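Here is the structure we will look at.
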Amino acid sequence: MIGAIWAQSVDGVIGDGQGMPWHMPEDLRHFKLTTMGNPVVMGRRTWLSLPKKPLPGRDNYIVSSRNPGEWSTGAFVLPDVPDLATDTWIIGGARLYDSVMDILDVIEVTVVDAIIADAYGDEAVFAPPVPEDDFALMKDSDWLQSETGHLNGSDVPLRYRFLTYERKVPKDHV
Ligand SMILES: NC(=O)c1ccc[n+]([C@@H]2O[C@H](COP(=O)([O-])OP(=O)(O)OC[C@H]3O[C@@H](n4cnc5c(N)ncnc54)[C@H](OP(=O)(O)O)[C@@H]3O)[C@@H](O)[C@H]2O)c1
């Protein structure tokens with residue numbers, strides 16, 4: 001099973017190039033529960049954006065043309081997306097998601113109830129659209145109210161929603 005996991009605003013924003021636009025503890029718990037124990041693969045910019053690295057309890061892989069060094073301590077650096085044979089989670093960012101859509105079996109999306117693309121302007125980094133021809137929505141939590149989750153620079157608690165998409169025609173990963 002190859003999965004991708006991300007959190008996006010209603011209008012598709014996942015970040016500003018440096019970090020995420022919100023702090024959402026429920027999503028962080030969901031991310032941890034979903035990925036724990038499995039390898040995680042990320043682009044260089046996502047690695048650099050992690051407040052604590054490497055992510056514990058998971059082998060961390062960074063896709064980058066750069067040589068490993070001090071910057072990558074605690075992770076494995078790969079020049080390309082590897083052939084993935086075991087259960088693995090692709091954890092971003094946008095550039096990496098775009099390049100792996102064809103090999104995904106599962107997509108876990110957290111939707112944060114905010115519209116922020118205009119506010120972020122050119123800095124906005126967007127999730128790829130989930131291709132509806134290839135993926136079916138299998139689970140939808142409906143809107144849930146976060147206790148403390150909020151946009152950066154705001155203290156208004158936000159709603160969020162967990163969506164699980166699965167590939168309609170399963171692919172074989174040998
Ligand atoms: N909301 C969420 O769930 C979520 C999740 C993850 C990230 N984010 C946000 O997304 C933003 C970062 O995303 P991003 O799209 O700017 O960067 P990214 O995909 O994390 O990293 C881009 C870099 O990774 C390498 N790379 C990515 N895909 C590659 C591929 N297919 N083949 C070879 N190299 C590849 C390249 O590194 P080199 O230049 O070194 O060759 C590229 O410059 C941040 O704001 C982060 O906070 C949000």
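A quick note: this is a predicted structure, and the numbers were derived from the prediction, not measured. Atoms within a ligand are numbered from 1 in the order they appear, just like the ligands themselves.
Of the heavy atoms in Q18, only backbone atoms (N, CA, C, O) come closer than 4.0 Å to ligand 1. Heavy atoms of S65 found under 4.0 angstrom from ligand 1 belong to the backbone as well as the side chain. Residue contacts with ligand 1, taken as heavy atom pairs separated by less than 4.0 Å, involve P79 solely via the backbone atoms N, CA, C and O. The backbone of I91, and not its side chain, has at least one atom closer than 4.0 Å to an atom of ligand 1 (non-hydrogen atoms only; backbone = N, CA, C, O). At a heavy-atom cutoff of 4.0 Å, ligand 1 is contacted by the side chain of S49 but not by its backbone. Residue contacts with ligand 1, taken as heavy atom pairs separated by less than 4.0 Å, involve Y97 solely via side-chain atoms from C-beta onward.
Within the structure, every pair that satisfies the salt bridge (Lys or Arg N to Asp or Glu O under 4.0 Å) test and touches residues 133-160, not counting sequence neighbours, is listed here: D113-R159, D140-R161, D142-R161.
Taking a cut-off of under 4.0 Å to the non-hydrogen atoms of D16, the atoms of ligand 1 that pass are 45 (O). When each atom of ligand 1 is checked for a heavy atom of G17 under 4.0 Å away, the hits are 44 (C), 45 (O). Listed by atom number, the atoms of ligand 1 under 4.0 Å from R45 heavy atoms are 14 (P), 16 (O), 17 (O), 18 (P), 20 (O), 21 (O).
By the 4.5 Å heavy-atom criterion applied to side chains, L50 and M42 are counted as neighbours. For the pair E108/H30, a side-chain contact is recorded, criterion being any heavy-atom separation below 4.5 Å from C-beta on.
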Mind running side-chain contact (heavy atoms from CB on, under 4.5 Å) on F135 and L104 for me, showing each step along the way? CA-CA 10 Å; F135 287 88; L104 298 179; 4.0 Å; yes
Before giving the answer on side-chain contact (heavy atoms from CB on, under 4.5 Å), spell out for L144 and F162 the whole-Å C-alpha distance, their side-chain angles and the decisive distance to 0.1 Å. CA-CA 9 Å; L144 302 165; F162 295 131; 4.3 Å; yes
Working note: W47 + S64, criterion side-chain contact (heavy atoms from CB on, under 4.5 Å); need CA distance, chi angles, decisive distance, verdict. CA-CA 10 Å; W47 166 260; S64 172; over 6 Å; no
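No N or O atom of G15 sits closer than 3.5 Å to an N or O atom of ligand 1. The shortest N or O to N or O distance between S99 and ligand 1 is below 3.5 Å. In terms of polar-atom proximity, V81 is not counted as a contact of ligand 1, lacking any N or O under 3.5 Å from an N or O of the ligand.
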Would you list the atom pairs, donor with acceptor, under 3.5 Å between side chains in residues 75-92 and any protein atom, with sequence neighbours excluded?
{"from": "D87", "atom 1": "OD1", "to": "M1", "atom 2": "N", "distance (Å)": "3.0"}
{"from": "T88", "atom 1": "OG1", "to": "T86", "atom 2": "O", "distance (Å)": "3.0"}
{"from": "W89", "atom 1": "NE1", "to": "T34", "atom 2": "O", "distance (Å)": "3.3"}

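Taking the centre of each ring, Y160 and W143 stay at or above the 6.0 Å mark.
Side-chain N/O atoms of S146 and E26 include a donor and acceptor closer than 3.5 Å.
With V63, V112, I62 as candidates, the residue nearest to atom 26 (N) of ligand 1 on a non-hydrogen basis is V63.
Within the 4.0 Å heavy-atom shell around ligand 1 one finds M20.
The closest protein non-hydrogen atom to atom 18 (P) of ligand 1 is G93 N, 3.5 Å.
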